Structures are given as C-alpha cells and as structure tokens.
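These notes are about the structure you will find just below.
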Amino acid sequence: MMNKNRPVIARAHTNIALVKYWGGKQNENLIIPQNDSLSLTLDQFYTDTTVTFDPTLTADAVLIDNEVAQGSDYQRVVDFLDIVRQKAQTPDRFFNVNSVNHVPPTAAGFASSASAFAALAAAASRAADLKLDLTELSRLARRGSGSASRSIFAGFVQWHTGNDDETSYAEQYASAADWDIGVIALTLQKSRKKVSSRQGMQLSVTTSPFYSEWIKLANSDIEQIKQAIDQHDFTTVGHISETNALRMHALTLSADPGFIYFTGQTIEMINEIRQLRKMGIECYATIDAGPNVKVLCQKENASKIMTHFNQLLGSENVIYTTPGSGIEYLEK
Ligand code: 2P0
C-alpha cells in the first residue's frame, strides 16, 4: 500500500526501428512478433506519464496531452491498466493517468505509442505496487504496443521474438554512448495515419505474397546489423536500415488491398537523401508506418544535412536527436 495516493512519474523515450517489427503471431492480444527487431532509442522524443492510485475513483481517468482521453484512445489505456490490475490482483483499483508526449506528431509514424506505453507500463506498475525488473517491464510494455517493449532500454535494443508472453521481450544489445550516430526527424505530415500499424501488419501477414521472405530477410538483417554495430560500421548500419525499411513498405504495397504510407513528399525526401549520398554526405532513410522520414547520419554531417532539409521543409519540421536513455522515474 506504500504508493497509495502518491503520484509515480516515469519518462520513456521513443525508438526508431532500424530492423523493423512488422506482423505478429496468431494471438494478437499478446503481441508476439514474427521476426526480431532492433532499434535505436532517441533522446529528443519522450513521454512523461504520471499515474496515481485514487481510491475515490470508480473508473480510470485518463488525460493525454492535457485532454480527456475518449473512445478507442481511452479504451486502449484501460485495457492496458486491466493487465496491470490483473498482475497486481487488485481488480477494483483505478488510476489517474496523465500522459504528456514530447514527440512530433501522434500516430503519423513517429511511434509515440512506443514511449507512451513504455512510460505507462513503468508508472502504472509502480503505482500498483508491482515490483518488476526491466525484462518484466519490457514484457508488460509489449502488451500495450509492440515497439514499447524496446523503449525500456537505452541505445541499440533488440526485441526477441520469443514464443509466448514469457519469452518475448527486449534487451539492450549495445550502448550507443560511444557511437557517432544521430537521427534527423523530418515531419512531413501531422495528421493521424489512415491505416493503423496493427491493421497494416495484419493485412500484410495475411495477404502479402512476400511475407515469408520478409521474415527470412529481417532475421538475416538482425544478424548483420549486430555485427556492424559491434564494428562501429555506420555505412553497413545505414544501408541495412534503409533497405529493411523499404522492404517493410513493400509488404504494404503488395498486400491485397494494397496500401501506402508514403506521400509524394516521402519519396522526394528519399531521393534527396540518395542525392546527398552521391555528393559524399553519408546519410540513410528509414520510415515507419506513416509518411515521415528519419535520416540516419553521423554527428559530423548533421548540421550540413539539416541545413539542406531546413531549406526544403522549414526548420520547425527538422529535428536532430542523439541516442537516448532508458526508462527513468522522475521526482515531482
Ligand atoms: C517498429 N512499427 O518496429 C515498427 C516499424 C512501425 C513500423 O511497431 O499498435 O507502435 O501501432 O501502437 O508497436 C508500430 O506499431 O504498435 C511499429 P501500435 P506499434 O517500430
């Protein structure tokens, strides 16, 4: 009962998958992926979530970015808190949740659900008096959003496919502290994506004729990118990341009905990145389930690349970030 009425505040950073998770196994509720994924946690983009056990509540009360959460957004948080209540064996405890995103646009491919559910998992589990280690926290965050399992950790993080709830979790593969790597986030569109990741993955798994090839290639990408990380080989890390991202999008194009997360501007930005490479400025593109593009680069080239994209998109749409830290608890 020690946390009764005491707010617990957790901060989790987003991550960008360099080898992407795209598609789960049968039991959708548990979110067990079909391939391992590997990400980089990002410093500039994070969610701060405060969770308070409130004995006067008869239902959870949820604020997201200072607005009362409603509809499916509210339900997703309640469903997650149900898992926490079940684990804590306290079915009649309800919580005040206040989640503030410091992330560009919600649900347009910046994976804010990763930081949101990682922070919620950390704050809610502690507010419910559960004492979870980082592996358990990663498994819990996974139940909210697959990519959230990776946002528990700093640097380069691998999410192991596993076979069930027990064996599917993320862990740090390598620290990025001694890496000369950064990410420039290009915001092209702020509106909500039309096909959610979950729907998109399901459609790809069930209808893309290339899906079984994707799993094979993603698993070999994991092995190769880990070797490149060991060797601090930026060129190979960048090449694998860009190739893997485009292959993920090839699954959407080849689904039935096919769907496309890119806009025309997404493709223009990929071409800009390739043009910069031709000019000897090394950088690589990666794109999540949305139109926005992230540019992987080395710190020494970051300002040159940013100047280029500032001119094209306006500086408010071009944000540079270095690798970020793992989950942390904040004092009020
Ligand atoms: C990833 N994505 O590995 C892949 C790559 C997007 C593209 O995991 O249900 O945030 O949408 O909140 O895990 C995005 O899906 O799940 C995702 P939802 P999640 O990062």
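Values below: all heavy atoms of this structure, side chains included; hydrogens, waters and symmetry mates excluded. A quick note: this is a predicted structure, and the numbers were derived from the prediction, not measured. Ligands are counted one by one from 1 in listed order, and the atoms in each one are counted from 1 as well.
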Which atoms of ligand 1 have any heavy atom of R198 under 4.0 Å away? 9 (O)

Begin with the C-alpha distance, continue with both residues' side-chain angles, and end with the deciding distance and a verdict on side chain to side chain contact (heavy atoms under 4.5 Å, CB included) for L18 and V237. CA-CA 8 Å; L18 307 179; V237 167; 4.1 Å; yes

For A289, the ligand 1 atoms whose distance to one of its heavy atoms is below 4.0 Å: 6 (C), 7 (C)

Check each of Y74, F95, F117 against F80 using the ring-ring contact (aromatic ring centres under 6.0 Å, His included) test, and report the only one that passes. F117

For residues 33-58, which residue pairs qualify under salt bridge (Lys or Arg N to Asp or Glu O under 4.0 Å), counting only residues two or more places apart or in two chains? R11-D48

Would you mind telling me if ligand 1 is within reach of the side chain of R150, the backbone, both or neither, using heavy atoms under 4.0 Å? side chain

In ligand 1, which numbered atoms sit nearer than 4.0 Å to a non-hydrogen atom of K20? 3 (O), 5 (C)

S145 heavy atoms within 4.0 Å reach ligand 1 at atoms 10 (O), 12 (O), 13 (O), 16 (O), 18 (P), 19 (P)

Quick one: which ligand 1 atoms are inside 4.0 Å of a heavy atom on A17? 1 (C), 3 (O), 20 (O)

Regarding atom 3 (O) of ligand 1: of the candidates Y261, Y21, W159, which has the closest heavy atom? Y21

Under a 4.0 Å heavy-atom limit, does R76 contact ligand 1 with its side chain, its backbone, both, or neither? side chain

Which residue in the set N35, D221, T286 passes side chain to side chain donor-acceptor pair (under 3.5 Å) when paired with K20? T286

Does the side chain of I184 come within less than 4.5 Å of K294's, by heavy atoms? no

Counting heavy atoms under 4.0 Å, the part of S147 that contacts ligand 1 is both

Sorted by chain and residue number, the salt bridge (Lys or Arg N to Asp or Glu O under 4.0 Å) partners of R139 (sequence neighbours excluded) come out as D165, E166

